*Asks:* 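Sending over a structure as structure tokens; questions will come in a sec.
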Amino acid sequence: MTTSRPQPTAPFTIGVETAEALDKSDPLAHLRSEFRIPRGANGEPQIYLVGNSLGAVPTRTADYVNAELERWAELGVAGHFTGETAWEPYHELLTDQMSAIVGGHNDEVVVMNSLTVNLHLLMVSFYDPTPARHKILIEEHAFPSDHFAVESQIRQRGFDPEISLVTVSPRPDSHRIEPEDILAAIAEHGDALAMILLPGVQYYTGQVLPLPEITRAGHAVGAKVGFDLAHAVGNIELDLHDWGVDFAAWCTYKYLNSGPGGVGGAFVHNRHIADKNLNKLLGWWGARKDTRFEMATVYEAIPTVESWQLSNAPVLAMAALRASLDVVDEAGGIGALRQKTERQIPYFDFLLDEVLGSRIENVTPNALSERGCQFALRVADNSFVGRDVYEQLEAADVACDWRYPDVIRVAPVPLYNTFTDIHRFVTILDGLLT
Ligand SMILES: Cc1ncc(COP(=O)(O)O)c(C=O)c1O
């Protein structure tokens, strides 16, 4: 994996005319009008660079949600079984598109619940500790929810997180987790390692981890391998089935624009689906569909990952997600989005270098293969306070976010952010740091 900075694909200049020319030749430029970009105090669209937290709303979302509200008003309970968007199998409407985005087969991918809930459900199945093999490897700076979830799973099984929770961290004075350190940690804990839970894209730095290598290394020591794809799904290309990943979970309110608290997703590799020895928490929505309403209490699992479902589908939240997935399809899928990201990264890098120079440090790794669309920027000029600069950006109608201790996260999202957004952001930041 190279760590050299990606080379610009065009002779960029720092003038806005380069941004405008890049927007003109962008094959996805028309998609911006498919979104409502929040407006700032001056009534103009904000520079909305915070899809890493909450994606912008597609204009069509209201129609998709209203259609189901209307069906509810017209049909009442019959809406569960009537029409092309009948609610009982509503989640199935999302499976093709979601499978394509994560590189899973249709029997391996289900939209359900929310991210932390899905992580728990999957750990119930894939964390099966014994006195000899009980450790879980996570990153030291894991997203707190993942850390809490793992700790509580360890305690639930009667083990001690002080002993069973092991971590891998960036080296001193670095933010990047060295892939070789992850592989070394896997080898070190070897026979004692029951499970690995790592992010696809690290939430703070935006670093993409080498998921296929981690999966292979985990399996080589006999561990189960799962990923939290919150910052990866809709951002980078994934191939969960072919990589042999055991399980994964994600949210959809970031790069998949499903709205606040939007419904999550889960992947279980199909080699595990028929395994009756896996522990599982059960609910009626995981049991055979054809006999569900016979109300039998003998459980027969759906022969797909849908057997991890517990409850009937939150249709209004799923309608919002369908709207956004249709826009992703119109973009040409995740491959087309990634191609735009690979055009936006070198342009953004160029402006950061040429305009901001040593005043800003980008802690996101340099290599394209190790980054998605998120940039993690630190104010490196000590005459300014990073948090103050972030607040001034917000006051200037730049939507971005701050993550302690000292990073401003900005994410040009290929579905709706323009090259001009990137140029305006850098120009405003330059003004604040002068
Ligand atoms: C990496 C990561 N993991 C877990 C979560 C928690 O997600 P949820 O509240 O949907 O369970 C988030 C939320 O942003 C996240 O970024």
Side-chain angles (χ1 to χ4, degrees), residues 3-6 8 12 14 16 18-19 40 46-55 141 143 170 173-177 199 201-209 230-232 235-236 254-255 340-414 416-434:
T3 54
S4 65
R5 190 170 286 279
F12 300 132
I14 61 172
V16 72
T18 296
Q46 293 177 345
I47 306 174
Y48 195 78
L49 293 171
V50 73
N52 55 291
S53 181
L54 181 69
H141 303 296
F143 194 87
D173 299 324
S174 172
H175 291 273
R176 179 171 178 269
I177 307 174
V201 175
Q202 213 280 343
Y203 78 95
Y204 185 79
T205 62
Q207 178 182 357
V208 176
L209 297 186
H231 292 263
N235 180 13
I236 60 168
K254 300 179 189 295
Y255 300 111
K340 178 163 171 186
T341 291
E342 292 192 3
R343 292 191 297 276
Q344 291 195 314
I345 287 173
Y347 178 62
F348 201 165
D349 278 348
F350 168 83
L351 290 182
L352 289 174
D353 277 354
E354 295 296 317
V355 178
L356 293 159
S358 60
R359 291 176 291 165
I360 283 288
E361 179 197 0
N362 181 9
V363 304
T364 305
N366 286 331
L368 269 182
S369 58
E370 282 191 290
R371 59 204 290 198
C373 65
Q374 179 191 308
F375 285 60
L377 305 179
R378 274 191 66 247
V379 176
D381 180 338
N382 288 333
S383 40
F384 297 93
V385 176
R387 173 81 204 187
D388 292 349
V389 173
Y390 158 70
E391 282 170 13
Q392 287 159 4
L393 283 168
E394 290 275 315
D397 287 336
V398 177
C400 51
D401 70 9
W402 172 260
R403 280 288 171 270
Y404 282 98
D406 61 359
V407 149
I408 298 169
R409 299 189 302 179
V410 286
V413 171
Y416 49 79
N417 282 122
T418 61
F419 290 84
T420 310
D421 284 337
I422 296 172
H423 188 271
R424 288 173 64 206
F425 168 76
V426 171
T427 306
I428 291 171
L429 190 53
D430 179 34
L432 295 176
L433 294 176
T434 302

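Please read these numbers as outputs of a predicted model, since none were measured by experiment. Each residue takes its place number in the sequence, starting with 1.
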*Asks:* Do the side chains of R343 and F419 get nearer than 4.5 Å, heavy atoms only?
*Replies:* yes

*Asks:* Quick one: does R176's side chain have a donor or acceptor within less than 3.5 Å of a partner on N366's backbone?
*Replies:* no

*Asks:* What I want to find out is whether R424 reaches D397 closely enough, with some N-O distance under 4.0 Å, to be called a salt bridge.
*Replies:* no

*Asks:* To the nearest 0.5 angstrom, please state how far the CD1 atom of I47 sits from the CD1 atom of I422.
*Replies:* 11.0 Å

*Asks:* Looking at every non-hydrogen atom in both residues, tell me the closest pair between G51 and Y416 and how far apart they are.
*Replies:* CA-OH, 3.5 Å

*Asks:* State, yes or no, whether a side-chain contact exists between I345 and F375 at a heavy-atom distance under 4.5 Å.
*Replies:* yes

*Asks:* Side chain of D401, backbone of V50: donor and acceptor closer than 3.5 Å?
*Replies:* no

*Asks:* Considering only heavy atoms from C-beta outward, does the side chain of L209 approach that of Q207 to under 4.5 Å?
*Replies:* yes

*Asks:* I need the C400 SG to R409 CZ distance, nearest 0.5 Å.
*Replies:* 10.5 Å

*Asks:* Does a side-chain heavy-atom distance below 4.5 Å link F425 with L393?
*Replies:* yes

*Asks:* Are N362 and D349 packed together at the side-chain level, in the sense that at least one heavy-atom pair is separated by less than 4.5 angstrom?
*Replies:* yes

*Asks:* Looking only at non-hydrogen atoms, find the nearest pair between H423 and I14 and report the distance.
*Replies:* NE2-O, 2.8 Å

*Asks:* Looking only at heavy atoms, what is the nearest atom pair of N235 and C373, with distance?
*Replies:* OD1-N, 2.9 Å

*Asks:* Restricting to non-hydrogen atoms, name the atom on H141 and the atom on P170 that form the minimum distance, rounded to 0.1 Å.
*Replies:* CD2-CD, 3.9 Å

*Asks:* As an exercise, state the distance from CZ of R378 to OG1 of T364, rounded to the nearest 0.5 Å.
*Replies:* 12.5 Å

*Asks:* Should Y255 and V201 count as side-chain neighbours, where that means a heavy-atom distance under 4.5 Å?
*Replies:* no

*Asks:* Look only at the side chain of H231 and the backbone of V208, and say whether a donor-acceptor pair between them is shorter than 3.5 Å.
*Replies:* no

*Asks:* Is any side-chain heavy atom of F348 less than 4.5 Å from a side-chain heavy atom of P412?
*Replies:* yes

*Asks:* Taking only Lys NZ, Arg NE, NH1 and NH2, and the carboxylate oxygens of Asp or Glu, determine whether D430 and R359 approach each other closer than 4.0 Å.
*Replies:* yes

*Asks:* Between Q46 (side chain only) and E394 (backbone N and O only), is there a donor and an acceptor less than 3.5 Å apart?
*Replies:* no

*Asks:* May I ask you to test the F12-E354 pair for a side-chain heavy-atom distance under 4.5 Å?
*Replies:* no

*Asks:* Begin from the C-alpha positions of V407 and T205 and carry the test side-chain contact (heavy atoms from CB on, under 4.5 Å) through to its verdict.
*Replies:* CA-CA 8 Å; V407 149; T205 62; over 6 Å; no

*Asks:* Classify the angle between the aromatic ring planes of Y404 and W402 as parallel (below 30°), tilted (30 to 60°) or perpendicular (above 60°).
*Replies:* perpendicular

*Asks:* Do the numbers put R387 on top of the ring of F384, so that NZ or CZ is under 6.0 Å from the six-membered ring centre and no more than 45° off the axis?
*Replies:* no

*Asks:* Could you tell me whether a side-chain N or O of Q392 sits under 3.5 Å from a main-chain N or O of L432, the two making a donor and an acceptor?
*Replies:* no

*Asks:* Rounded to the nearest 0.5 Å, what separates atom CG in D381 from atom CD1 in I360?
*Replies:* 9.0 Å

*Asks:* Search all heavy atoms of A411 against all heavy atoms of N417 and return the closest pair with its distance.
*Replies:* O-OD1, 3.4 Å

*Asks:* Under the 3.5 angstrom rule, does the side chain of E361 hit a backbone N or O of V363 as a donor-acceptor pair?
*Replies:* no

*Asks:* If only atom types and distance count, is the side chain of D421 paired as donor or acceptor with the main-chain N or O of T418 below 3.5 Å?
*Replies:* yes

*Asks:* Using every non-hydrogen atom in the two residues, find where G206 and Q374 come nearest and quote the distance to one decimal.
*Replies:* N-NE2, 3.6 Å

